[in-house]
Structure formats: C-alpha cells, structure tokens
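Below, chains carry the letters A, B, ... as their sequence lines are ordered, and counting in each starts from 1.
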Number of protein chains: 2
Amino acid sequence: MSDQIEERIATGFYPPGMRLDETELAASFGVSRTPIREALIQLAAAGLVEIRPRRGAIVTEIGPHRLCEMFEVMAELEAMCGRLAARRITESEQRVLIEAHHACEAARDANTPDIYYRLNEQFHHLIYAAGHNIFLEEQASALHRRLRAYRRLQLRVRDRMGTSFSEHAGIVEAILAEDSELASIRLREHIVVQGQRFADLVASLPMLDSFNHG
Amino acid sequence: MSDQIEERIATGFYPPGMRLDETELAASFGVSRTPIREALIQLAAAGLVEIRPRRGAIVTEIGPHRLCEMFEVMAELEAMCGRLAARRITESEQRVLIEAHHACEAARDANTPDIYYRLNEQFHHLIYAAGHNIFLEEQASALHRRLRAYRRLQLRVRDRMGTSFSEHAGIVEAILAEDSELASIRLREHIVVQGQRFADLVASLPMLDSFNHG
DNA sequence: ATAGCTATTATTGTATACAATATCAATTTC
DNA sequence: GAAATTGATATTGTATACAATAATAGCTAT
C-alpha cells in the first residue's frame, strides 16, 4: 500500500507540496482510510511526506538548500560504501560490478537515458552491497530512494550519461585496485556534483514553485 | 504516544525481542488499538521494532555483528559532523562547546556516570549542530537515538568517563584549531572504539539471550 | 505413544462510525 | 469597505466492530 503511494510520489504523479487527502486516497485505492493512514505514517517516518497534526499530509517538498544537504550526506554514505567495497569486495562481486559497468556503457552508446538511469541505480546498489555492511547498505538505499523523485530531474541535464559513465570508470578502477581512499574520494565527488546540479535545477525551476505553493 | 513506547524500549522496560501485544499496550496506555498500531508503525519505520505481518510486533534485537555495523556508520556520520564543524562552527557555538566540555570534566571529577552520560549526549549534539547541515544533524540524532538502548550498557565499562573525556579533549582541540581532517579522524575513532566495546559486551552477556529468545 | 489433522481461540488487519478541530464563508460591526 | 467573529462544513483522530489468518490444543488414527 505505502509502496504504491511512494511510487506515485517518485514518479511525480503526486508532486512535492501536494496535499494528500485520506478520503480521496482511500477511494482512489478502493480501501478504507485505515490502511491509507498507516501508509502515510510509514511514508512520513521515511521522510517522503509530512503530516501536520489535524491538518493532513503533504508530499515533502525539498528546497535547493536542503537538497544540497541531503546530497552532501548521500555523498558521504556512498564514499563510505566505496571505501569498504575497495577493501571487502569479493571476486564474484567484482565480476558483477564490471558487468554492470559495461551494461551502462552500452546504454550510453545506445543513447537510452531511461535504461541508463535504471542501470546506474543497479551499479550503485552493487557498491552498497560490496561494502559488506548491511546496515550501511540499508541506510544508503533508503536515502537513495528518498531522493528518487528529484533524481528524475537528472534526465534534463546535457551529456549526463557521458560524464556519469566516465566517473563510474574511475570508481570501478579504484575499487578493483583496492585503493579505498581513492574509491571513497571519487564516489564522494561523483555524488556531490550531482547534488549541486540538482539543487541548481530545482532552484531554477519556477514550475515547481507553482506545484508547491499553488 | 510512540515517544512513550520508545522511552520504554530505551530504558529496557520493553527489552529486545519482547513481543508487543497491541491489545495489551492499548490497555496499558488507556487508549484503543488504533493509536497503538500507528505508533508501532512509526517505531518500525525508525527501526526500533519489527512488525511481522499477521504475527505481531517485537522490539528489534540487535546482535553484536549488526551493532558493530551500526556503530561503523555512526562513526562515519559523527566524523562528517566533526569535519564540517571544524570548518563551519561559529564563535558562540565554540563557547557553548567548550562550556559543555568543562561540564563533562566536572561530572568526571565528581564521578557521577549518570550525569556524565547526559552531558556527553549534549556534547555530541552540539557537534552535530555545529556542522550546519540540518539533514545530517537529523540523521546523526536519529541513529544516536536508535542506539540508545544499547548505550545504557556503556555504564558498565570501567573508567569510561576518563577515557571518554580525554578523547573529547582531543576532539575539541581539533575543532577549535579548524583542523577538519583531525576532528574527523578523532571523532570516528571515538565512536568506533565505543562500538567495539558495546559489541563485545552484548556478545558476552548471556542475560540478553534469555531476554531475546525466552 | 506419537504424529498429523481439525477445530477453537486469540490476535492482527480492515472498515465504519463518531467526536474533535481546523478551515472557510458569511454576516455583522466599526 | 474592511476586518473580525461566529457558524457551518469538511477532514483528521480515535474507538469499536467485524473479518481473516495464524497459533494452539485436543482428538483421532496408525
């Protein structure tokens, strides 16, 4: 239930700032208000919606400043994953990572951003897992999901796939060389510049303001 | 509501592994099952309880291995706070931090572990805030709270206050010197060694097993 | 006597009804 | 004419009732 609502938030069907009426949602999903309320509470705990007491729930709106902060933390989590992965990755995980990297390359060459988007997610999740710290993997995945709705905007950036892929290449290289510090630095940078691009984009899109406040 | 249940978990009144019966809790708090269910969902999202579908909720039990993982992440978050704090701390925040540090010293000299425990929390929260990344502050605080029930065990460790305080001294020194890398390293180490001690303690306490599985 | 199956009980999950509060509009007063 | 207050309406928060499923215990059969 909450997954379905989360999906609608991630795809922008429920845009940031939109009011989520319990009765409407219940009717929309063909259930009573009870499971809807429970789903909203879950999503609120995950940070995807905000519940204002006695005033209903809205999809969380993240301003450019906060988005920067979140990407700053995401960058650090991914850097940590990379540092651990460089030390702990197994041979079979190495093979899968290289394979995922090559799949990204194919999507770049085919110029298919939507496929690249999906493969990119897989690539990063492989690094989360290769750190062999399950709690860290969970935290990184959770924050990654939370930023999903904003990552959509990435599709607008010019030559995103090209720069992203070459950064990936450097990351893979560092991990395979077991150079934990280099892997950490390159992953951090990879995420931070993304965050800055997103924040700029959000700040420059008056469209979102009309969503948010209108 | 969920705060009250969380408090009972943190204090060990509801020990790890304990089954949380909705009807019992409702009777215990003098409300109906509905707000109890909503509180349990919140706590489950925060990771403090686990809800097994159709099989009720239990207080999350964290084994030594996972505890290590969690402290590994906590160490990294605090290291990041320290790194940012060294760069961004204001003069008034510096004064408050020094003040908090001296308060810890007084508690150590007075040999009052419970007071030191509280002042230590304040000390760390000041560093979270001094990083001037509100999202990071929230994440660090959330994980800190999640580990609260296990931090209680810290009280058993011999000469905890002495070693803790001297580590704090090094951290304060690095932050005031605006040496972000040193602050980062010292904070990470400060947390990691705590995590190892906790994990050892949890592993060596058969008492907890009886709680968990009996 | 033990193992498997069935029936009963207890507990979770969902729906609905009701109460409390916030919002909005209309009316009145300054 | 504008602002404030009061009433009406809609929406959230809580309680309760009912349905569905899992656990348990008892019974039967091998």
Side-chain angles (χ1 to χ4, degrees), chain A residues 1-9 12-62 142 145-146 149 209-214, chain B residues 1-9 12-62 142 145-146 149 209-214:
Chain A
M1 185 86 267
S2 82
D3 286 346
Q4 296 183 56
I5 299 177
E6 183 178 339
E7 196 58 32
R8 293 192 181 184
I9 292 173
F13 186 71
Y14 298 150
M18 178 176 173
R19 188 137 183 298
L20 298 171
D21 186 275
E22 294 179 0
T23 310
E24 273 181 46
L25 284 175
S28 156
F29 284 102
V31 295
S32 84
R33 275 177 53 218
T34 309
I36 296 291
R37 275 184 69 80
E38 298 187 345
L40 288 178
I41 289 166
Q42 266 188 275
L43 294 173
L48 277 91
V49 308
E50 279 173 43
I51 296 177
R52 299 144 329 157
R54 292 258 173 220
R55 297 189 52 213
I58 59 167
V59 179
T60 302
E61 21 182 350
I62 308 179
R145 276 174 69 176
R146 195 162 163 184
D209 281 347
S210 70
F211 270 144
N212 295 343
H213 308 295
Chain B
M1 185 84 267
S2 82
D3 286 346
Q4 296 184 57
I5 299 177
E6 182 178 340
E7 196 58 32
R8 293 193 182 184
I9 291 173
F13 185 73
Y14 298 149
M18 177 174 172
R19 188 139 182 297
L20 297 171
D21 186 277
E22 294 179 1
T23 310
E24 274 181 46
L25 285 175
S28 156
F29 284 101
V31 295
S32 84
R33 275 177 54 218
T34 308
I36 296 290
R37 274 184 69 81
E38 298 187 345
L40 289 178
I41 289 167
Q42 268 187 273
L43 294 173
L48 278 92
V49 308
E50 279 173 44
I51 296 179
R52 301 150 319 165
R54 291 260 173 219
R55 297 189 51 211
I58 60 167
V59 179
T60 302
E61 20 182 352
I62 307 179
R145 276 174 70 177
R146 194 160 162 186
D209 281 348
S210 71
F211 270 143
N212 295 343
H213 308 296

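Residues Ser32(B) and Arg37(B) bring no donor and acceptor atom of their side chains to less than 3.5 Å of each other.
When each of Thr34(B) and Thr23(B) is assigned the nucleotide of DNA chain C with its nearest heavy atom, Thr23(B) is the one assigned upstream, toward the 5' end.
Taking every side-chain heavy atom of Arg19(A) into account, dT11(D) is the closest of dT14(D), dT11(D), dT12(C). With distances taken from any side-chain atom of Arg54(A) to the nucleotides dT12(C), dT12(D), dT14(D), the minimum falls on dT12(D).
Distance, Asp21(A) CG to dG13(D) C1': 14 Å, rounded to whole Å. Whole-Å rounding puts the Ile36(B) CD1 to dA15(D) C1' distance at 13 Å. Nucleotide dT14(C) holds its P atom 13 Å from the CD1 atom of Ile41(A), rounded to whole Å. To the nearest angstrom, P of dT14(D) lies 15 Å from CD of Glu22(B).
To the nearest 0.5 Å, atoms CD1 (Ile41(A)) and CD1 (Ile36(A)) are separated by 11.5 Å.
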Problem set entry | Derivation and outcome, side chain to side chain contact (heavy atoms under 4.5 Å, CB included), residues Asp21(B) and Arg19(B) | CA-CA 6 Å; Asp21(B) 186 277; Arg19(B) 188 139 182 297; 4.0 Å; yes
Problem set entry | From CA spacing to verdict: side chain to side chain contact (heavy atoms under 4.5 Å, CB included), Leu25(B), Leu40(B) | CA-CA 10 Å; Leu25(B) 285 175; Leu40(B) 289 178; 4.3 Å; yes
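Phosphate proximity of dG13(C) to Arg37(B): present, with a side-chain N or O under 4.0 Å from OP1 or OP2. Using a 4.0 Å cut-off, no side-chain N or O of Arg55(A) falls inside it from OP1 or OP2 of dA10(D). Between dA15(D) and Ser32(B), a contact under 4.0 Å exists linking OP1 or OP2 to a side-chain N or O.
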